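Here is the structure we will look at, set down as structure tokens.
In what follows, every chain begins at residue 1, and chains take the letters A, B, ... in the order their sequences are listed. Remember, it's a predicted structure, so these values are computed and weren't measured experimentally.
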Protein chains: 2
Amino acid sequence: MLKVGRLADYAVLILHHLGRMRPARLAMDSIAEVTHLPLPTVRKVMKYLVDADLVISKRGPNGGYQLARPPAQVSLAEAIAAVEGPLALTECCSAQGNCEIHDRCDLADRWPGVNAIVVKVLERTSLADLDRFGRHEPHVPPPLRELMAPVRHL
Amino acid sequence: MLKVGRLADYAVLILHHLGRMRPARLAMDSIAEVTHLPLPTVRKVMKYLVDADLVISKRGPNGGYQLARPPAQVSLAEAIAAVEGPLALTECCSAQGNCEIHDRCDLADRWPGVNAIVVKVLERTSLADLDRFGRHEPHVPPPLRELMAPVRHL
DNA sequence: CAATTGTATACCCCGTTAGTATTGAATGCG
DNA sequence: CGCATTCAATACTAACGGGGTATACAATTG
Ligand code: SF4
Ligand code: SF4
């Protein structure tokens with residue numbers, strides 16, 4: 001668990017494809033076809049991406065979608081947030097979070113710290129970086145051990 | 001979004017409390033009271049925690065729950081996984097993940113890499129570490145910058 | 001104007017989550 | 001031995017949200 005929604009997953013998938021095509025424009029039909037996703041679903045996703053200014057759309061004949069920025073400048077955090085809103089592991093990590101216990105909860109001011117780290121990881125991983133990842137271990141470099149930082153033990 | 005379930009959140013909350021009490025034993029009623037959580041909900045959570053061997057239970061008079069290990073040796077990843085199962089950002093990150101597209105998806109073998117990093121962060125953050133976190137930035141130490149590692153840019 | 005292609009809205013279905021209730025089993029004590 | 005205490009197990013329900021679909025509309029081009 002701790003999964004990202006399907007739609008957000010698709011968003012990344014689509015953005016990645018658009019990145020490989022850039023700066024070419026790609027019609028929605030083509031996107032649906034190449035990603036093997038149902039077209040109505042793609043429609044919904046594209047709306048999110050346009051609203052978030054991650055892609056540029058053009059109507060009319062020969063229209064389509066185009067990645068707004070180079071793939072290296074689009075983070076996974078942005079992609080996910082475009083669909084699901086700001087990343088927040090718990091209610092107390094988001095502004096409009098309403099948790100009844102919040103006032104009496106010992107961890108209310110601790111979770112945001114954890115959240116910040118996770119967000120940072122996703123912010124620093126771009127679409128282009130995905131290509132560098134292999135299966136499982138993403139070539140965890142030695143410095144990572146200390147990088148985790150706040151995060152000691154084991 | 002990208003939120004952890006409420007129950008998992010509660011689990012961490014409870015574990016943290018048990019950690020501060022350790023090695024004392026705490027009855028379910030007391031747990032519900034001190035955490036301000038509804039008792040039936042606590043029941044459900046405790047079952048998960050016992051099954052995952054994170055807490056030791058004892059029945060009868062003067063019974064209750066006790067954290068199985070020192071708080072510094074219990075990771076957030078374990079706590080969350082105890083309730084929600086293994087962490088998997090996408091379907092293709094988990095063993096029993098069934099995604100229709102999987103075979104034809106370009107990112108099917110890339111997501112596990114990202115997932116691994118996130119998991120690692122949560123694995124290396126213990127209950128005891130939570131106390132070290134302040135609001136927002138968890139004192140991100142300089143080495144973190146390189147720790148992120150596979151994760152360059154910006 | 002007509003063909004193309006994206007935009008907007010509104011809807012529904014189904015799975016999961018969260019919460020609750022009930023009943024049963026183990027332990028300890030006197 | 002029997003009773004009070006406390007956890008264990010199961011089953012149920014209600015509500016929310018994710019995600020998939022249909023349809024009608026607007027813009028662009030040539
Ligand atoms: S306040 Fe406590 S309970 Fe409410 S969301 Fe934050 S951590 Fe979870
Ligand atoms: S295979 Fe592709 S689509 Fe299916 S879950 Fe993994 S990434 Fe998402």
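With respect to the salt-bridge test (charged N to carboxylate O, under 4.0 angstrom), the residues A/R124 and A/D129 do not qualify. A/K3 and A/D9 are not joined by a salt bridge, as no carboxylate oxygen comes within less than 4.0 angstrom of a charged side-chain nitrogen.
The interatomic distance linking B/I14 (CD1) with D/dC7 (P) rounds to 12 Å, in whole Å. The CD atom of B/E84 sits 20 Å away from the P atom of C/dG15 (whole-angstrom rounding). Atom CD1 in A/I31 sits about 12 Å away from atom C1' in C/dT5, given to the nearest Å. One atom, CZ of A/R25, and another, P of C/dT5, lie 11 Å apart when rounded to the nearest Å. In this structure, CE of B/M28 is placed 16 Å from P of C/dA26, rounded to the nearest angstrom. The CD-C1' distance, from B/E91 to C/dG15, rounds to 13 Å in whole Å. Rounded to an integer number of Å, the gap from A/R43 CZ to C/dT4 C1' is 13 Å. To the nearest angstrom, P of C/dT7 lies 12 Å from CD1 of A/I56.
Residue-level contact check: B/K58 touches the backbone only, with heavy atoms under 4.0 Å from sugar-phosphate atoms and none from bases. Among the protein residues, B/P38 comes within range of the sugar-phosphate backbone only, with heavy atoms under 4.0 Å from sugar or phosphate atoms but none that close to a base.
Minimum atom distance to the side chain of B/P61 is reached by C/dG28, of the listed C/dG28, C/dT7, D/dG19. Taking only side-chain atoms of A/K47, from C-beta outward, the nucleotide of D/dC7, C/dA8, C/dG19 with the closest atom is C/dA8. Comparing D/dG19, C/dG19, D/dA8 against the side chain of A/R6 picks out D/dG19 as the nearest. Checked against C/dT7, C/dG19, D/dA8, the side chain of B/L7 finds its nearest nucleotide in C/dG19. Ranking D/dA4, C/dT7, C/dA26 by closeness to the B/R59 side chain, first place goes to C/dA26. Taking the side chain of B/Y65 as heavy atoms from C-beta on, and the options C/dG6, D/dC7, C/dT20, the nearest nucleotide is D/dC7.
No more than 12 heavy-atom neighbours from other residues, nucleotides or ligands sit within 6.0 angstrom of CG on A/N62.
Remark: A/Y10 is not in phosphate contact with D/dG18, judged by side-chain N or O atoms under 4.0 Å from OP1 or OP2. Contact check, A/Y48 against D/dG19: no side-chain N or O comes under 4.0 Å of OP1 or OP2. Applying the 4.0 Å criterion to OP1 and OP2 of D/dT6, one finds that B/S57 has every side-chain N and O outside that range.
Taking the nucleotide of DNA chain C with the nearest heavy atom to each of A/D29 and A/K3, the more 5' of the two is matched to A/D29. Mapping A/N62 and A/D51 onto DNA chain C via the closest heavy atom, the residue that lands nearer the 5' end is A/N62.
A heavy-atom distance below 4.5 Å is found between the side chains of A/Y10 and B/I101.
Rounding to the nearest 0.5 Å places CG of A/L18 at 10.5 Å from CG of A/L54.
Both B/M21 and B/L49 belong to a common hydrophobic cluster when Ile, Leu, Val, Met, Phe, Trp and Tyr are linked at side-chain heavy-atom distances under 4.5 angstrom.
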